[in-house]
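Keep in mind that this is a model prediction, so the values were computed, not measured.
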Amino acid sequence: MISLLQKRPWVIVVLLMLDFATGAHGQSQAGSTAAEAMATDGRISAALQQVSAERIRANIEKLASFGTRLTLSAQDPAAIAAGRGIGAAREWIKSEFERYAKDCGGCLEVKTDSFTEPAADRIPQPTEITNVYAALKGTDAENAKRIVLVTGHYDSRPSDTLDVKADAPGANDDGSGTAVSLECARVLSKLKFPATIIFLTVAGEEQGLNGSRHFAKMAKEQGWNLEAVLNNDIVGGDKSAEQDHSVVRVFSEGLPASATEQEIRRIRGLGGENDSGSRQLARYIADVGRTYNAGVKPVLVFRLDRYLRGGDHSAFNQQGITAVRFTEFREDFHHQHQNVRIENGIEYGDLAKFVDFDYVAHVARLNAATLASLASAPAPPANVHLLTKDLENDSTLAWEASPGGRAAEYEVLWRATTSPEWEHVQKVGGDTRATLKLSKDNVIFAVRAVDTEGHRSLPVVPVPER
C-alpha cells in the first residue's frame with residue numbers, strides 16, 4: 001500500500017476526497033447516495049422530447065415583432081390591431097394558451113389577472129397591468145390543491161424605462177422566459193398530473209416586479225398551496241464567445257425574506273442559513289438535472305440574484321413562497337436594457353438573432369421535467385421534527401403523514417453541514433418516525449415522501465422539538 005501511494009500520490013487525494021464525501025465523518029449509519037435516489041418516469045422523458053426549438057424560435061420572434069412590450073406602451077384596441085405594444089403581446093399570449101387548451105380538449109383554464117398599478121418611480125401615471133396564465137388542474141381532488149408554477153415576464157424595456165416610443169424587442173429579456181412558460185404549457189398539457197401546474201407570464205417586471213408582486217400577494221391572500229415557483233428570466237443563451245451553453249444558473253435565497261425574528265434566531269442557532277425552501281427547490285432541480293437529459297445542467301448559485309439585479313422570484317419569496325430563478329451562465333449587457341443601435345462598432349439591443357433557440361429548448365426541458373416531477377410526487381411530509389429532549393448521539397426524527405394520501409414510504413436525507421447538496425438517503429418505509437445512528441450535531445437532516453412509482457417530494461428540514 002505504501003509503495004502504491006509513493007508511486008501514485010494522487011491516490012492519497014482520491015482517498016481523502018472519498019473520506020470527506022461520506023459526510024458523516026466515520027459514523028456507522030448505512031445509506032445510499034442521495035444523487036442516485038430519484039427514479040426516471042418514462043412519461044416525463046417522452047414529454048421532454050416534444051419540446052421544440054423551432055416553436056420556441058417562432059414564439060420569441062413573434063414577441064420581438066411587437067416592437068416594444070414596455071409596460072407603459074399602448075394597449076388600446078387600435079394598437080392591439082396594429083400589432084404594437086404590450087397590449088398586442090398580451091392578447092397574442094392569451095390566444096396561444098387558448099390554442100393549447102383547445103388542442104388538449106379544454107384541459108387548460110386560461111385566465112388573466114389585471115389590476116391598476118398606482119404612479120411610482122417607473123410608472124408616471126396609474127397603469128393597467130395584466131398577467132396571463134393557464135392552469136392545468138390536477139386530477140386528484142386533494143392533491144390538485146397543491147400548485148407548482150413556471151413564469152417569465154413578457155414586458156420589455158429600452159434604455160429608458162419611460163420611453164414608450166423606442167423599440168424594445170426583448171428577445172432574451174424576457175422573451176426567452178415567456179417562451180419557456182408557453183412551451184411547458186404546450187407539452188405538459190398533453191399529460192395528467194395529481195397536482196396542479198400553472199403556466200404564468202407576467203408584466204411590469206422592468207418597472208418594479210409589479211405583475212409578480214400582485215400575483216404572489218393574490219396567491220397568498222387566497223390561500224393557494226403554492227409549493228414551488230420556477231422563474232425564467234434571461235435564459236436565451238446569448239451567443240457571446242464566452243457563453244457556456246452546457247449549463248444554466250439557478251439562484252435561490254438563503255435566509256427567507258419572510259422569516260420572523262424568532263425564526264431567524266432559530267436558523268442562526270442551528271446553522272440553517274443554507275436550508276430555506278428555495279434552497280431545497282434548487283437542490284431538487286439539481287436532482288432532476290441528473291435524472292433527465294435536458295441538454296443543460298443546472299449550476300446552483302446560493303444567493304438571491306446577481307449583483308445590482310432582481311427578478312420576479314423575489315416577489316414570491318417576499319410572500320414566503322418557495323421560488324428560484326433560472327438565468328443563462330454569462331450575460332451580454334450590450335443586449336439587455338439597450339436601445340437598438342450600433343455605436344463605436346458595437347451592436348446594442350435585445351434582438352432575436354443573439355438568442356440560441358436550442359439552448360432555450362434545453363432550459364424548457366429542465367423546467368418541464370421539474371414541474372412534472374413535482375406535480376407527480378406526493379405532498380411533502382408535514383410537521384417534521386427532530387427530537388432533542390435528551391442528550392444522545394443517535395438522532396430521532398418524527399413527522400406527520402404526507403397530506404393527500406399518495407405517499408407509499410419516506411426517506412431520510414442527510415449531509416455534512418458544509419456540503420451544498422444532500423449526500424445520503426435512508427429508506428424508512430411507511431413509518432413516520434425513524435432513529436439513525438448519526439449525531440444530529442454533525443449533519444443536516446431532511447425527510448421526503450415517495451409514491452409507489454418513485455416520485456419524490458421536496459425535502460423538509462426538521463424543526464427541533466424538546
Side-chain angles (χ1 to χ4, degrees), residues 55-103 106 108-135 151-171 173-183 185-186 198-215 217-218 312 337 339-340 349-352:
R55 285 182 178 269
I56 285 171
R57 174 199 288 270
N59 288 343
I60 291 175
E61 289 178 345
K62 180 65 177 181
L63 287 164
S65 76
F66 294 112
T68 179
R69 304 191 306 277
L70 184 68
T71 298
L72 307 178
S73 63
Q75 48 185 314
D76 59 278
I80 292 172
R84 183 176 176 87
I86 190 79
R90 176 193 70 217
E91 293 304 308
W92 176 79
I93 291 169
K94 185 170 179 287
S95 71
E96 284 298 288
F97 280 140
E98 289 171 342
R99 184 162 65 86
Y100 304 156
K102 183 178 179 180
D103 289 344
L108 291 174
E109 186 177 3
V110 180
K111 293 185 175 183
T112 57
D113 164 38
S114 295
F115 61 98
T116 299
E117 184 73 20
D121 288 343
R122 294 187 178 184
I123 300 181
Q125 59 188 18
T127 300
E128 182 181 38
I129 295 177
T130 301
N131 302 318
V132 186
Y133 64 105
T151 185
H153 71 87
Y154 71 92
D155 63 306
S156 64
R157 59 161 287 184
S159 301
D160 181 354
T161 56
L162 303 180
D163 187 349
V164 298
K165 295 181 179 180
D167 281 347
D173 185 14
D174 186 32
S176 62
T178 302
V180 167
S181 283
L182 287 167
E183 188 65 357
R186 186 185 71 83
I198 289 179
F199 310 95
L200 173 66
T201 64
V202 299
E205 194 270 354
E206 301 290 7
Q207 310 308 118
L209 313 183
N210 308 107
S212 56
R213 184 179 297 111
H214 185 271
F215 196 92
K217 285 183 177 179
M218 177 183 71
D312 288 315
H337 301 181
N339 281 12
V340 178
D350 192 354
L351 300 168

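Look at Arg69 and Asp174 and you find no salt bridge, because none of the NZ, NE, NH1 or NH2 atoms lies under 4.0 Å from a carboxylate O. The existence of a salt bridge linking Lys94 and Glu98 is confirmed by a sub-4.0 Å separation between a basic side-chain nitrogen and an acidic carboxylate oxygen.
The structure places CZ of Arg99 at 12.0 Å from CG of Leu108, a figure rounded to the nearest 0.5 Å. Taking CD1 from Ile60 and OG from Ser65, the interatomic distance works out to 12.5 Å, rounded to the nearest 0.5 Å. In this structure, CG on Leu162 lies 8.0 Å from CG on Leu70, to the nearest 0.5 angstrom.
Of the possible donor and acceptor atoms, none in the side chain of Thr68 sits under 3.5 Å from a partner among the backbone N and O of Asp167. For the pair Asn131 (side chain) and Ala203 (backbone), a donor-acceptor distance under 3.5 Å is present. No donor-acceptor distance shorter than 3.5 angstrom exists from the side chain of Thr71 to the backbone of Asp155, with no hydrogens or angles considered. Remark: side-chain polar atoms of Asn339 are paired, donor with acceptor, to backbone N or O of Ser159 under 3.5 angstrom. Using modelled atom types, one side-chain atom of Thr201 and one backbone atom of Val132 make a donor-acceptor pair closer than 3.5 Å. For Ser114 (side chain) and Thr112 (main-chain N/O), no donor-acceptor pair under 3.5 Å exists by modelled atom type. Side chain of Gln75 to backbone of Thr130: no donor-acceptor contact under 3.5 angstrom is found. The closest donor-acceptor contact from the side chain of Arg186 to the backbone of Arg55 lies at 3.5 Å or more, if one exists at all. Side chain of Ser212 to backbone of Leu209: a donor-acceptor contact under 3.5 angstrom is found.
A heavy-atom distance below 4.5 Å is found between the side chains of Phe115 and Glu117. Between Ser156 and Ile86, the closest side-chain pair of non-hydrogen atoms is not below 4.5 Å.
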Item to check | side chain to side chain contact (heavy atoms under 4.5 Å, CB included) between Arg90 and Tyr154, worked out | outcome: CA-CA 8 Å; Arg90 176 193 70 217; Tyr154 71 92; 3.5 Å; yes

Next on the checklist: Evaluate Tyr133 against Phe215 for ring-ring contact (aromatic ring centres under 6.0 Å, His included), listing each step before the verdict.
Outcome noted: CA-CA 10 Å; Tyr133 64 105; Phe215 196 92; 5.1 Å; yes

Next on the checklist: Run the side chain to side chain contact (heavy atoms under 4.5 Å, CB included) test on His337 and Glu206 for me, step by step, so that the C-alpha distance in whole Å, both residues' side-chain angles and the decisive distance to 0.1 Å come before the verdict.
Outcome noted: CA-CA 9 Å; His337 301 181; Glu206 301 290 7; 3.2 Å; yes

Checklist entry - How far apart are the C-alpha atoms of Asn210 and Ile123, what are their side-chain angles, what is the distance that settles it, and do they pass the side chain to side chain contact (heavy atoms under 4.5 Å, CB included) test? => result CA-CA 10 Å; Asn210 308 107; Ile123 300 181; 3.8 Å; yes

Checklist entry - Stepwise, does the side chain to side chain contact (heavy atoms under 4.5 Å, CB included) test hold for Arg157 with Asp163? => result CA-CA 8 Å; Arg157 59 161 287 184; Asp163 187 349; over 6 Å; no

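For His153 against Thr178, the heavy-atom pair with the smallest separation is O-OG1, 3.1 Å. Val110 and Ala101 make their closest contact through CG2-CB, 4.4 Å (heavy atoms, listed as atom of the first residue, atom of the second, distance). Taking every heavy atom of both residues into account, Asn59 and Glu96 meet most closely at OD1-OE1, 4.1 Å. Minimum heavy-atom separation, Leu351 to Pro169: CD2-CG, 3.8 Å. Closest heavy-atom contact between Pro158 and Ala168: N-CB, 3.6 Å. Of all heavy-atom pairs spanning Ser181 and Gly152, the tightest one is OG-N, 3.6 Å.
Annotation for Glu109: atom CD does not count as buried by contact number, only 12 or fewer foreign heavy atoms lying within 6.0 Å. Within a 6.0 Å sphere centred on CG of Asp76, heavy atoms belonging to other residues, nucleotides or ligands number more than 12.
Ring planes of Trp92 and Phe66: tilted class, angle from 30 to 60°.
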